[in-house]
Amino acid sequence: MTSLRLYDAVGGRPTFELLAKNFYLGIAADEVLQPMYGTNDFGPAAERLQLFLEQYWGGPTDYQELRGHPRLRMRHAPYQINRDARERWLKHMRASLDSVVAAGLVAPIYEAELWDYLERAATSLMNSAG
Ligand code: HEM
């Protein structure tokens, strides 16, 4: 028996698309994080996050093809990611994850797995104490 990839178990592309889209609605309204993006058009950033998460969870590898190796630490180096930035990022991601759970797309067992990773990834990207 083959195990179901998490990507499929949570509904595949539509789930990750909604997760990234709803996350960026929160970012757009965040007075600390929004300026880091230097734009009000969050479509392209949402797509990059979506494709990265899809690839991470065993889905298509479009991210790699478009952007190359993720190198997330390096790609986040230009931004000041302190405790406040991490908490804000996670707050918007939490709200977005709740929205896909409420939509019936993600079962609780997978939600915990997704969240655990997101929290750890956000910690690993911290690059500033101030
Ligand atoms: C901890 C707080 C975080 C902050 C403040 C932050 C901020 C940013 C900013 C300003 C960008 C540039 C927007 C763009 O042009 O794509 C970005 C890109 C990105 N972030 Fe974050 N980020 C955080 C955490 C995370 C985490 C935890 C992940 C993954 C789980 C992640 C994944 C990505 C990806 C995939 C990109 C696009 C990279 C690329 O291909 O250029 N970020 N982030």
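Because only heavy atoms are used, hydrogens play no part in the values below, and waters and symmetry mates are left out as well, while side chains stay in. Indexing begins at 1, ligand by ligand and atom by atom, following the structure's order.
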With atoms numbered from 1 as shown, which atoms in ligand 1 lie under 4.0 angstrom from a non-hydrogen atom of [X]?
X: Ala121; value: 27 (C), 30 (C)
X: Leu125; value: 24 (C), 25 (C), 26 (C), 27 (C), 28 (C), 42 (N)
X: Tyr117; value: 30 (C)

Can you tell me which portion of Leu72 lies within the under-4.0 Å heavy-atom range of ligand 1? Options are side chain, backbone, both, or neither. side chain
Can we call the ring centroids of Phe16 and Tyr7 under 6.0 Å apart? yes
Nearest to [atom], what protein heavy atom do you find, and at what distance?
atom: atom 22 (N) of ligand 1; result: His76 NE2, 2.9 Å
atom: atom 7 (C) of ligand 1; result: Tyr37 OH, 3.4 Å
atom: atom 37 (C) of ligand 1; result: Arg48 CB, 3.9 Å
atom: atom 41 (O) of ligand 1; result: Arg67 NH2, 2.6 Å
atom: atom 40 (O) of ligand 1; result: Tyr63 OH, 2.5 Å
atom: atom 3 (C) of ligand 1; result: Trp89 CD1, 3.1 Å
atom: atom 32 (C) of ligand 1; result: Leu49 CD1, 3.7 Å
atom: atom 1 (C) of ligand 1; result: Ile81 CG2, 3.5 Å

Taking every non-hydrogen atom, the tightest pair across [X] and [Y]:
X: Leu118; Y: Leu90; value: O-CD2, 3.8 Å
X: Arg67; Y: Arg75; value: O-NH2, 2.7 Å
X: Val10; Y: Thr15; value: O-OG1, 2.5 Å

Angle between ring planes, [X] versus [Y], binned at 30° and 60°: parallel, tilted or perpendicular?
X: Tyr79; Y: Tyr37; result: parallel
X: His92; Y: Phe23; result: perpendicular
X: Tyr117; Y: Trp57; result: perpendicular

Mind checking whether Tyr56 has a heavy atom under 4.0 Å from ligand 1? no
For residues Arg73 and Ser124, is any side-chain donor paired with an opposing acceptor at under 3.5 Å? no
Hey, are the side chains of Leu49 and Met93 touching, using non-hydrogen atoms and a 4.5 Å cut-off? yes
